[in-house]
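Report on one structure; see the data block that follows.
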Amino acid sequence: MRHGEVANPEGVLYGRLPGYHLSELGREMAERVAEHLAGRDVVEVTASPLERAQETATPIAKAHGLDLGSDERLIEADNVFQGKTFGVGDGALRNPDNWKHLTNPFRPSWGEPYIDQVVRMMGALNAAKDRARGHEAVLVSHQLPIWTVRSYVERRRLWHDPRKRQCTLASVTSFTFQGDRIVSVGYSEPAIDLVPAHLRAGAKPVAGKSKAFGA
């Protein structure tokens, strides 16, 4: 699961920075997904250590009477632009000092390599599968790592256009295992009616509205 909306009035790419919590709307998204998953056979809930992921996972764990776990492998992708604005016409790309980080979109040159994200996310998935074998586990992470590991499992190239990621706020990307092998991938958006239009997959950038890719 991707976390809910974050309180981010400055419109920065917050990445792995501490102190970024869910907004009121984000908490409503988390509760909505907890209700959606209430009838599932969930025996484990684990989240990225970042506040927004832990806060998203909390009502899910509570609904199932479980302790909430933390796994560093679910953390957001590292990004040299974290802490900077990335808006339309007024962000970090206007600064020539930042252009050196944009030389290789296939790695990518501005942050954690895609393949490194795959390795750690697959590690988290397999560990959860082993602990919850025969049942279901919920892992709360971030858009880019989720989309990257899904692309790997579905045998797509890892480099991509961020605007085309199918990983909306509070969405659920499901990996079904048969034994130790992933046999299917599903996707659902239990809280889509709560997601602002400019934050949905494929939305065009709007001046004055932040869309923090990989958040």
Side-chain angles (χ1 to χ4, degrees), residues 1-23 26 47-57 70-125 139-152 156-171 173 195 198-206 208-215:
M1 178 186 173
R2 183 185 173 192
H3 61 78
E5 186 191 58
V6 176
N8 182 20
E10 297 84 11
V12 303
L13 184 68
Y14 32 79
R16 294 180 176 180
L17 294 174
Y20 283 88
H21 299 266
L22 292 183
S23 65
S48 154
L50 295 174
E51 293 98 332
R52 57 192 184 271
Q54 290 281 314
E55 291 165 1
T56 298
S70 180
D71 190 333
E72 286 279 352
R73 292 173 294 188
L74 298 171
I75 200 168
E76 173 64 288
D78 195 20
N79 192 313
V80 298
F81 294 114
Q82 72 176 24
K84 299 178 181 179
T85 59
F86 227 82
V88 179
D90 62 352
L93 293 183
R94 295 189 63 185
N95 185 347
D97 290 340
N98 292 327
W99 296 350
K100 63 181 179 290
H101 299 300
L102 303 172
T103 57
N104 184 359
F106 307 107
R107 186 179 184 268
S109 53
W110 54 82
E112 181 183 11
Y114 292 127
I115 191 61
D116 290 357
Q117 296 176 50
V118 168
V119 169
R120 62 178 173 84
M121 289 292 286
M122 284 301 300
L125 279 174
L139 306 180
V140 180
S141 186
H142 308 267
Q143 186 190 61
L144 179 53
I146 295 171
W147 181 248
T148 300
V149 75
R150 177 180 172 183
S151 295
Y152 170 79
R156 289 192 303 272
R157 68 190 186 198
L158 301 184
W159 61 273
H160 59 278
D161 181 344
R163 296 168 297 182
K164 296 182 179 180
R165 295 173 189 158
Q166 189 185 41
C167 191
T168 302
L169 289 166
S171 60
T173 301
V195 179
H198 72 283
L199 294 177
R200 297 182 184 182
K204 295 181 179 179
V206 178
K209 290 185 178 291
S210 168
K211 184 170 183 177
F213 297 126

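Computed from a predicted model, the values in this text were never measured in an experiment.
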Exercise. What's the verdict on side chain to side chain contact (heavy atoms under 4.5 Å, CB included) for Met122 and Val149, showing C-alpha distance, side-chain angles and the deciding distance?
Worked result: CA-CA 7 Å; Met122 284 301 300; Val149 75; 3.6 Å; yes
For this session: Determine, step by step, whether Val140 and Leu74 satisfy the side chain to side chain contact (heavy atoms under 4.5 Å, CB included) criterion, reporting the C-alpha distance in whole Å, the side-chain angles of both residues, the deciding distance to 0.1 Å, and the verdict.
Result: CA-CA 7 Å; Val140 180; Leu74 298 171; over 6 Å; no
Exercise. Would a distance-only check, ignoring hydrogens and angles, find a side-chain to backbone donor-acceptor pair under 3.5 Å from Glu51 to Gly19?
Worked result: yes
Problem set entry | Working for side chain to side chain donor-acceptor pair (under 3.5 Å), residues His160 and Ser151 | CA-CA 10 Å; His160 59 278; Ser151 295; 5.6 Å; no
Problem set entry | Residues forming a side-chain contact (heavy atoms from CB on, under 4.5 Å) with Arg107, sequence neighbours excluded | Asn104, Pro113
Seminar exercise, completed: Minimal heavy-atom distance between Gln54 and Ala47, with the atoms involved, is NE2-O, 3.5 Å
Problem set entry | Partners meeting side-chain hydrogen bond (donor to acceptor under 3.5 Å, both in side chains) with Ser23 (sequence neighbours left out) | Glu5
For this session: For residues Gln117 and Thr148, report the shortest heavy-atom separation together with the two atoms involved.
Result: OE1-OG1, 3.5 Å
Exercise. Is there a donor-acceptor pair closer than 3.5 Å between any side-chain N or O of Arg16 and the backbone N or O of Gln82?
Worked result: no
Seminar exercise, completed: All heavy atoms of Ser141 vs all of Met121, minimum pair found to be OG-CE, 3.8 Å
Problem set entry | Check: Leu22 main-chain N/O paired with Glu55 side-chain donor or acceptor under 3.5 Å | yes
Exercise. Is there a side chain to side chain contact (heavy atoms under 4.5 Å, CB included) between Arg165 and Gln143 once you walk through the steps?
Worked result: CA-CA 8 Å; Arg165 295 173 189 158; Gln143 186 190 61; 2.8 Å; yes
Problem set entry | Within 45° cone and under 6.0 Å: Arg2 NZ/CZ vs Trp147 ring | no
Problem set entry | Arg120 bridged to Glu112 by N-O distance under 4.0 Å | yes
Problem set entry | Shortest non-hydrogen contact between Asp71 and Pro49, atoms and distance | O-CD, 3.6 Å
Exercise. So, Asn8 side chain and Val12 main chain: donor-acceptor pair closer than 3.5 Å or not?
Worked result: yes
For this session: Could you check if a side-chain atom of Leu169 sits within less than 4.5 angstrom of a side-chain atom of His3, using non-hydrogen atoms only?
Result: yes
Exercise. What are the two closest heavy atoms between Leu158 and Val118, and how far apart are they?
Worked result: CD1-CG2, 4.0 Å
Problem set entry | Flag, side chain of Thr56 to backbone of Gly4, donor-acceptor distance under 3.5 Å | yes
Problem set entry | Residues which pass ring pair (Phe, Tyr, Trp, His ring centres under 6.0 Å) with Tyr20, listed by chain and number, not counting sequence neighbours | Tyr14
Exercise. Do Arg157 and Trp159 meet the cation-pi criteria used here (NZ or CZ under 6.0 Å from the six-membered ring centre, within 45° of the axis)?
Worked result: yes
Problem set entry | CZ on Arg73 to OG on Ser48, rounded to 0.5 Å | 12.5 Å
Exercise. Do you know which two heavy atoms are closest between Thr168 and Leu199, and how far apart they sit?
Worked result: CG2-O, 4.3 Å
